[in-house]
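Labels below follow one simple rule: chain letters A, B, ... track the order of the sequence lines, proteins then strands, and each chain is numbered from 1.
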Protein chains: 2
Amino acid sequence: MSETLRISRKFSQRAVMETIVQGGPISRASISKQTGLSKQTISEIVRQLEIEGWVRETGRTSGHVGRTAVTYELVPDAAYIAAVDLGGTKVRVAIADLTCQVFAEDVAPTDPRGGQAVVDQIVDMCFRAADAQGIARERIRLAVIGAPGAPDDKTGRILLAPNIPHLDTMNVAAAFEKGFGFDVMLENDVNLAVLGENWLGQGQGIDNLAYIALGTGIGGGLMVGGNLVRGASHAAGELGFLPFGADPFEPESLHYGAFERVVASAGIIDRFRAASGKTLSVPAIFDLATEGDVDALKVLDDTARLLSRGIGAIAVIANPQKVILGGSIGLRPEMLERVKIFLPQCFPYPIDVEASALGARAALVGAAAIGLGHLHNTLFGADTPDSRISLPPASTVALREVAQ
Amino acid sequence: MSETLRISRKFSQRAVMETIVQGGPISRASISKQTGLSKQTISEIVRQLEIEGWVRETGRTSGHVGRTAVTYELVPDAAYIAAVDLGGTKVRVAIADLTCQVFAEDVAPTDPRGGQAVVDQIVDMCFRAADAQGIARERIRLAVIGAPGAPDDKTGRILLAPNIPHLDTMNVAAAFEKGFGFDVMLENDVNLAVLGENWLGQGQGIDNLAYIALGTGIGGGLMVGGNLVRGASHAAGELGFLPFGADPFEPESLHYGAFERVVASAGIIDRFRAASGKTLSVPAIFDLATEGDVDALKVLDDTARLLSRGIGAIAVIANPQKVILGGSIGLRPEMLERVKIFLPQCFPYPIDVEASALGARAALVGAAAIGLGHLHNTLFGADTPDSRISLPPASTVALREVAQ
DNA sequence: GTTATTTAGTTCGGTGACTGAACGAATTAA
DNA sequence: TTAATTCGTTCAGTCACCGAACTAAATAAC
């Protein structure tokens, strides 16, 4: 086994690729300086990468003393990935190339039949999007699917995803792989949202980051030291079961989650009904609050207090540098305002809380991030122990521009 | 820079060392098989390690077909570390060699003056312990100090450690380094306890692990994916501030922690006083409960219910595979019993909860673990990205035997 | 008690990844 | 035109490692 040698070469090749990914069009001399490898070695590796079709010449430098340099960049269409955000009501798909340019994006209502129907729907959406842009299907190497719940690596099922039928009884991963014909990664949607925010949103450069999605339900994603916290059974971040809000020892809490029962949509609607006698939707309650309705204002205050406690619980346990709020309710400025008031009243040291910058697209961006990172890793040095994702800097990425 | 080559050599050297650490006395042929490196290379590296004084011949194999093999092992006294558990009432120190044999161990009451006095006390204890065993002071390379609170890497202070005076206003790390004359690592004591249990206690082989120390106060340590979770400001695990138990919006909760106020000693004593009118110590309340006192039993039940909710909160956020209970109250079997009953009543999926196997020595063992790991890392391949700690298997370690 | 078999460890020659130094090439500054 | 600067290649190594062949030393088999 010439294992060490092989690691050594891959290691260098990967370093070069990373430098090109990060540094845009760049000359071999610059790569040499940045990586510490000698000029000869860089020339050799770049030549090899060019033959294999990963990089290409893109021009020459000019306007400085000394000989002009040939610059190299990624071949954008060397590979594509499909990023999918499978939600209870909507499916979003995007096709992105290696340089993280989005080539096609599409949104549709989730097929209510769930199960195989949703799988087929997604595969179809992705392929149509690719076709529409003239991208050959074989060029797509990987799909990353974000979904609510806890994907189980062993069985391929998605547990705890009550809003989409049948995902907990079938091998979702296998079904997607069959439909697509290439590798598929399943990941919790909120986990993807943290990754997305960490890459292009509110959490750039922050290694200890939490994301809370509050809407119909409540879920959390956590990054510690730059890595996702998935938990022993991929159930980390199921915040609905935090043991406060409702009495956690009531049987109902065991079923729906003591925290989710009171802080998510249903809880908000219930509290407003209890106070005013009227049954309204959450947006309607927010509207009433804007008009100054006392009951509605009280309900929002109480919700924000609960949310603050949820944030406090995360802060106590994991001490993230920043907490990002997302989800249809978490994104409302009325919530953020109130949390900024209530959180310091129940938590001893300051926590940076902000609204998501990517909004509903956070998970999609995260899916692209994990997919492209994974792709770079498998292509250049999967056997390297250090597999931190290397992604282009935020400023160069087209995904960002479409955001909001 | 011949950086890659250097990485390559160090990498192999480290792999060999690791194999020797793990595999006890071992022949070069076996190392070759285990590492995948060729026999010649192993011979070369081992020769080098022997010259540098890290390994030595220890005998020959016998009783099997084929030529006998020369076996090699670590030179135990190549380096020593000092492990220190600095608690509010007691200081424990241990001197351990590279093979994790404990050469000296000592316990004393913590100097009540705190600050520099405690530093001097600890330095003195360590050096006397080393002297008593004839270990030259220069052979000690590193001290690991576990203390309550949040050590701040930048200033060297230890914040949030109310039980030991003056640690939050002085550069503790610098003071220790001046006293010892070698490197010092500061770490939260509960974090060390998790590491200890992960190495030699209840959490062996479990990468996602939580430890809860319940006594005068409450603190938690969390391991995710084999790494400690320290948090952005090293305040992860300050469970006293979990936002339930007492009302988290009361000003007192902001000061002492809503959860700590009710679940730790003071809260237990308060609740018993409220129920019975009598003021008793926590052990006395436990004794009464054993005798069947209704108030005492009720107080323990309530405490266990609170503790279960705390465990639930950790499980919801980080989803560890196992939760270990420690601390003077957490270690009581009455607590574990009750938690095993109450936890399933407020948490939807099963969590493995056990009492600490190392008891009061968990942090000390953890200090040794982190210190020896760090030592191996700095000696053999600090620049290697993958710096997972390599420690001898539990079965060969003397630290364990002294346990309980 | 010789021979076969198995395992340990060395020597030898060779390979792949990388380097330093020297040099030619191409540009701006003087 | 010359000097200064930077780019990129060629050349002749070094270093870590390997495969194969070989010697050395033990047990197993006859």
Side-chain angles (χ1 to χ4, degrees), chain A residues 1-17 19-20 23 25-52 55 57-72 380-381 383-384, chain B residues 1-17 19-20 23 25-52 55-73 380-381 383-384:
Chain A
M1 277 184 254
S2 60
E3 202 180 316
T4 318
L5 287 179
R6 237 175 269 144
I7 284 180
S8 195
R9 187 181 42 191
K10 272 242 174 180
F11 193 87
S12 301
Q13 207 181 50
R14 186 197 156 103
V16 171
M17 273 302 281
T19 314
I20 296 176
I26 188 174
S27 72
R28 280 167 293 176
S30 304
I31 299 175
S32 169
K33 271 175 214 145
Q34 283 187 37
T35 58
L37 296 164
S38 69
K39 288 188 288 177
Q40 316 87 285
T41 306
I42 299 300
S43 283
E44 208 171 286
I45 291 174
V46 168
R47 200 173 306 131
Q48 189 60 35
L49 289 172
E50 200 175 1
I51 290 170
E52 288 173 13
V55 304
E57 275 190 48
T58 185
R60 321 192 112 245
T61 59
S62 66
H64 59 85
V65 191
R67 177 175 168 177
T68 53
V70 179
T71 55
Y72 288 82
F380 311 100
D383 37 4
T384 310
Chain B
M1 278 184 255
S2 61
E3 203 181 313
T4 317
L5 287 179
R6 236 175 269 145
I7 285 180
S8 194
R9 187 181 43 195
K10 272 240 173 183
F11 193 87
S12 301
Q13 208 181 51
R14 184 197 159 104
V16 171
M17 274 302 282
T19 313
I20 297 176
I26 189 172
S27 72
R28 281 167 292 175
S30 304
I31 299 175
S32 168
K33 270 174 214 144
Q34 284 187 38
T35 58
L37 296 164
S38 68
K39 288 191 287 178
Q40 318 88 283
T41 306
I42 298 298
S43 283
E44 208 172 285
I45 291 175
V46 169
R47 200 173 305 131
Q48 189 59 36
L49 289 173
E50 199 175 3
I51 291 171
E52 289 173 14
V55 304
R56 67 180 179 203
E57 274 190 49
T58 186
R60 319 193 114 248
T61 58
S62 66
H64 59 85
V65 191
R67 177 176 170 176
T68 55
V70 180
T71 56
Y72 289 82
E73 65 173 11
F380 310 100
D383 38 4
T384 310

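- A salt bridge links B:Glu73 with B:Arg56; the closest basic N to acidic carboxylate O contact falls under 4.0 Å.
- Proximity of A:Thr68 to the phosphate of D:dC7: no side-chain N or O atom is located under 4.0 Å from OP1 or OP2.
- At a threshold of 4.0 angstrom between heavy atoms, the contacts of A:Ser43 are confined to the sugar-phosphate backbone, with no base atom among them.
- One finds no side-chain N or O of A:Ser38 lying less than 4.0 angstrom from the OP1 or OP2 phosphate oxygen of C:dC18.
- Across D:dC18, D:dA28, D:dC7, the shortest atom-to-atom separation from the side chain of A:Arg67 is found for D:dC7.
- Remark: B:Ser12 is in phosphate contact with D:dC17, judged by side-chain N or O atoms under 4.0 Å from OP1 or OP2.
- The shortest distance between the side-chain N/O atoms of A:Ser62 and the OP1/OP2 oxygens of C:dT27 is not below 4.0 Å.
- Taking every side-chain heavy atom of A:Lys39 into account, D:dC7 is the closest of D:dA26, C:dA8, D:dC7.
- Listed nucleotides C:dC18, D:dC7, D:dT10 differ in distance to A:Gln40; the shortest reach to its side chain belongs to D:dT10.
- An OP1 or OP2 oxygen of C:dT10 is reached within less than 4.0 angstrom by a side-chain nitrogen or oxygen of B:Arg28.
- With D:dC17, D:dT9, C:dA8 as the candidates, the nucleotide lying closest to the side chain of B:Ser27 is C:dA8.
- If A:Gly66 and A:Gln13 are placed on DNA chain C by their nearest nucleotide, the residue sitting closer to the 5' end is A:Gln13.
- Picking from C:dA29, C:dA8, D:dT9 the nucleotide with the shortest atom distance to the side chain of A:Val65 gives C:dA29.
- Regarding contacts with the backbone of D:dC18, a side-chain N or O of B:Thr41 is found under 4.0 angstrom from either OP1 or OP2.
- Per the geometry, CZ belonging to A:Arg14 stands 18 Å off P belonging to C:dA17, to the nearest Å.
- In terms of phosphate contacts, A:Lys33 brings no side-chain nitrogen or oxygen within less than 4.0 Å of OP1 or OP2 of D:dG8.
- Rounded to whole Å, atom C1' of D:dA16 lies 15 Å from atom CG of B:Leu49.
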